[in-house]
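What follows is a short report on a single structure.
The basis for the numbers below is simple: all heavy atoms, side chains too, and nothing from hydrogens, waters or symmetry mates. All chains are named by letter (A, B, ...) in the order of the sequence lines, taking the proteins before the strands, and each is independently numbered beginning at 1.
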Amino acid sequence: MLRLKVEDLNPEQHAAVFAEPGPVLILAGAGSGKTRVLTYRIAHLVDSGKAAPEDILAVTFTNKAAAEMRERLSGLIDDHRRVPWVSTFHSACARILRQDGRALEFNRDFSILDEADSLAVIRQVLEDAVAPDMPAAELVRARIEQAKNEALTPSVMADRAEGDRDARIAELYALYQERLRTMNAMDFSDLLMNTWILLDSQPEILVRWQRYARMLLVDEYQDTNRVQYLLARMLADSTRNLCVVGDEDQSIYRWRGADIRNILDFERDYPDAKVFKLEQNYRSTKTIIAAAASVIQNNTERKDKTLWTANEIGDPVVYFTGLTEREEADFVAGEIGLLIGDQALRPRDFVVFYRTNSQSRAIEEALVRRRIPYYVVGGTRFYDRREVKDLLSYLRVLANPADFISLERMVGAPSRGIGGKTLEAISALASKQAITPLDAMGRLETISNVALRTAKAASALYTWMRDLGGRMPTMPVREIVAEVAAQSGLAASLDALPDANERKQNLDELLAAASAFDAENTGGGLTEFLERIALVNDTDQIDEAAGRASLMTLHTSKGLEYPIVFIAGMEEGLFPHSRSADSEDEIEEERRLCYVGMTRARRLLYLTNTLSREMFGTRNSSRPSRFLAEIDGALLRRIAPERNRPVLNTPALSERYIDYSDSQLAEDGDGVAVGARVMHPTFGRGVVRRVEGRGSSTKAWVNFDQAGLKLLVLKFANLVPIAE
DNA sequence: CTCGCAGGGGTTTTT
DNA sequence: CCCCTGCGAG
């Protein structure tokens, strides 16, 4: 029996849910009930008998989104064992390759390399292919990834190469792929690319997987890249039952190969596509929607679509400027503190977004000063911590003894006298005798140029690993992890470190993750555990934030919503980022990112920036982001920093702000320039930080070396410019 | 072979 | 500011 609450759907949502199978494009604005439409549509397909659950594949962007959709579906479909296959692109591809990768000469235990591992392999390739004028490893890695995102094989890349550099990179790409194959390893992009190669070259395998995708639904379609696009088309080819959902205004992964044209041109690919526009927003206030709209309307690459809401008007968007990032952060923390006190809000109702991870530090410090519990989503991921990666390297070798990159890491953690030279010997022996590096490690004593001591150490390690490898199939993952931590000496070696406790806790956390995996009882072994770790996404951890305020990058914010949202660092060069300043296309992407961030807010939105910001050790003056100027001024409330406010004493309400909402942002002018050094009769030397207003009412914020920040009316201030 | 230190270089976003 | 690399000493 269907449990759809059809009466809750608006007409467009209703039409999208009940549209007949075939090509369907759902343009879903921010907060327009997209997930509900998607899950209802799936439930309806099952309920009406148009498709069996086994025929349906829904692809999302993050594991979290997939988990959420599965959960919602299990509430809609009576038979919980018959919930359709809901997965991310990467996980789905990993499953396909584990099963059928043999056709590409990979066995089912292939390793999944993260970016650092992949870079290490590229460094090795570069070392072997010595030639003058080699491109930097990082560049090679980026170009190879780009090629894979566009579904270019090494030979196609070589054919299209313009100039020697591109041709050389194409050669390195070929060598890199070869090395990955001998290691039985794939990088992230390979998961997609190799799946495409597999399905493209093996029609009978394709047909088999098409059966799982007789109804194919793709979420976040605006962020699919070329390979994902090709995969979706290919899987849907036999039935054409392809339903894509997305919002071109929320396409923010161009740098990762996402091609906004995939969604813009869907109707060209499928001329008979039915198109539905979800334009009613159920999330935000009218003010927030209007502010976000005034920003995004400056983009040209978009479909005709207007978001609206029946919600209340709400409060103005608050725009605060701090002198430095510290003041900006104190304001954010202060507001959170005040709102928690006044409004019965809880820390979990707040989120702070920023463009770059490095911005989190100042904000964290301010939250700590105010004792507001917070949680940073993303940043250095747990599984990227050194000691965790060290332990995982053993597990990866156990699962896949061909994984030389992990073996290199493993033998050095803790150091046991096996270094670069010995590893070279291992690698040479492995290829000469056509055995895995792990087996080669056990035969080092036959090699004359390796010291006996070293060979003995290697052989001891080998013997234990082989023994464990033999017992492994009957052990829970947790026991394997525990034995590795203890027997390898890794846990003990941490004792010598200054932060031993923290690092040991991380190993404990890994043990806990293994226990949880065992408890799920999916029948998976070490390979599946490692795959899960490789493919976890930062947003997957948000649930762990439990009650705390959240901090994350704008990219991570997609798909989330919070009552109160702060976007910090609204400054030229930071947001939009200076790396995106080259082209209008990239600026448009930054603008979409701004739009995504703003539309996460339900009730209240804060935009903040600074007059000067420290980056890479030097302090630079900053200018407001162009996106601020794009927001209708009537929607904004300007707030300036209060001077000399001690951070730990909450000020009285009446003294909270200096409101200068009537002042304008002025360019340099009227006698003093921002950044100029000046002398004041009473306050002494200082630097002009900001100039506001015009004519006789022109005021300047001046940061005095001794007296601190002052707001002065220029007409009376008698400022005298001085040389540095 | 490992470790510690100095110096240089690079700094966005992440499945 | 942080990370990586290269180099010299133990």
(request) Look at the rings of Tyr221(A) and Phe266(A) and say which category their plane angle falls in: under 30° parallel, 30 to 60° tilted, over 60° perpendicular. (result) perpendicular
(request) Specify the separation, in whole Å, of atom CD1 of Ile252(A) and atom P of dT12(B). (result) 17 Å
(request) Report the distance from atom CD of Glu115(A) to atom P of dT14(B), rounded to the nearest whole Å. (result) 11 Å
(request) Using only side-chain N and O atoms of Ser580(A), determine if any of them is under 4.0 Å from OP1 or OP2 of dT13(B). (result) no
(request) Check every atom of dC2(C), dT13(B), dT11(B) against the side chain of Arg579(A) and return the nucleotide holding the closest atom. (result) dT11(B)
(request) Run the ring-centre check on Trp255(A) versus His555(A) and record whether the distance is less than 6.0 Å. (result) yes
(request) Kindly give the heavy-atom pair with the smallest separation between Leu180(A) and Lys148(A), and that separation in Å. (result) CD1-NZ, 4.4 Å
(request) Taking all heavy atoms of Tyr595(A) and all of Ala292(A), pick out the closest pair and write down the distance. (result) CD1-O, 3.5 Å
(message) I want to check one thing: is the phosphate of dT11(B), taken as OP1 and OP2, less than 4.0 Å away from some side-chain N or O of Thr356(A)?
(response) no
(request) Figure out the CD1/P separation between Ile418(A) and dT2(B), and round it to whole Å. (result) 8 Å
(request) Could you measure between the two C1' atoms, the one in dC4(C) and the one in dT13(B), and give it in whole Å? (result) 22 Å
(request) Check whether NZ of the Lys or CZ of the Arg Arg256(A) lies under 6.0 Å from the centre of the six-membered ring of Tyr253(A) and within 45 degrees of that ring's axis. (result) yes
Produce the list of close N/O pairs, under 3.5 Å, pairing protein atoms with atoms of nucleotides 5-9 of chain C; give distances to one decimal.
from, atom 1, to, atom 2, distance (Å)
dT5(C), OP1, Arg123(A), NE, 3.2

(request) Give, ordered by number, those residues of residues 218-228 of chain A having at least one heavy-atom distance below 4.0 Å to an atom of DNA chain B; if nothing qualifies, reply none. (result) none
(request) Output yes when at least one side-chain N/O atom of Asn357(A) is less than 4.0 Å from OP1 or OP2 of dT13(B), else no. (result) yes
(message) Output the rounded distance in Å from CG (Asp114(A)) to C1' (dT14(B)).
(response) 12 Å
(request) Provide, to the nearest angstrom, the distance between the NZ atom belonging to Lys456(A) and the C1' atom belonging to dC1(B). (result) 18 Å
(message) Looking at Ser358(A), I'd like to know whether one of its side-chain N or O atoms comes within less than 4.0 Å of OP1 or OP2 on dT11(B).
(response) no
(message) In this structure, how many angstroms lie between the P atom of dT13(B) and the CG atom of Leu574(A), rounded?
(response) 10 Å
(request) Kindly state whether the pair His577(A) / dT12(B) counts as stacked, where counting means centroids closer than 5.5 Å and planes tilted less than 30° apart. (result) yes
(request) Ignoring the backbone of Thr422(A), work out which of dC1(B), dT12(B), dT14(B) is nearest its side chain. (result) dC1(B)
(request) Indicate whether Tyr253(A) forms a stack on dT13(B); treat it as stacked only if centroid distance is below 5.5 angstrom and interplanar angle below 30 degrees. (result) no
(request) Over all heavy atoms of both residues, which pair between Leu113(A) and Asp117(A) is shortest? Give the atoms and the distance, please. (result) CB-CB, 3.7 Å
(request) Could you pull out the closest heavy-atom pair between Ser488(A) and Pro414(A), with the gap in Å? (result) O-CD, 3.3 Å
(request) Examine Arg98(A) relative to Phe110(A) and say whether NZ or CZ is less than 6.0 Å from the centre of the six-membered ring and inside a 45° cone about the ring axis. (result) yes
(request) Between Leu423(A) and Leu593(A), name the one whose nearest nucleotide on DNA chain B is closer to the 5' end. (result) Leu423(A)
(request) Map Glu138(A) and Thr553(A) onto DNA chain B by nearest heavy atom, then report which one ends up closer to the 5' terminus. (result) Glu138(A)
(message) On a heavy-atom basis, which atom in Asn149(A) and which in Ser189(A) lie closest, and how many Å separate them?
(response) OD1-OG, 4.2 Å
(request) Using whole Å, report how far CG of Leu191(A) lies from P of dT14(B). (result) 19 Å
(message) Is the shortest side-chain heavy-atom distance between Asp585(A) and Ser580(A) below 4.5 Å?
(response) no
(request) Take the protein atom CD of Gln359(A) and the nucleotide atom P of dC2(C), then report the distance between them rounded to whole Å. (result) 16 Å
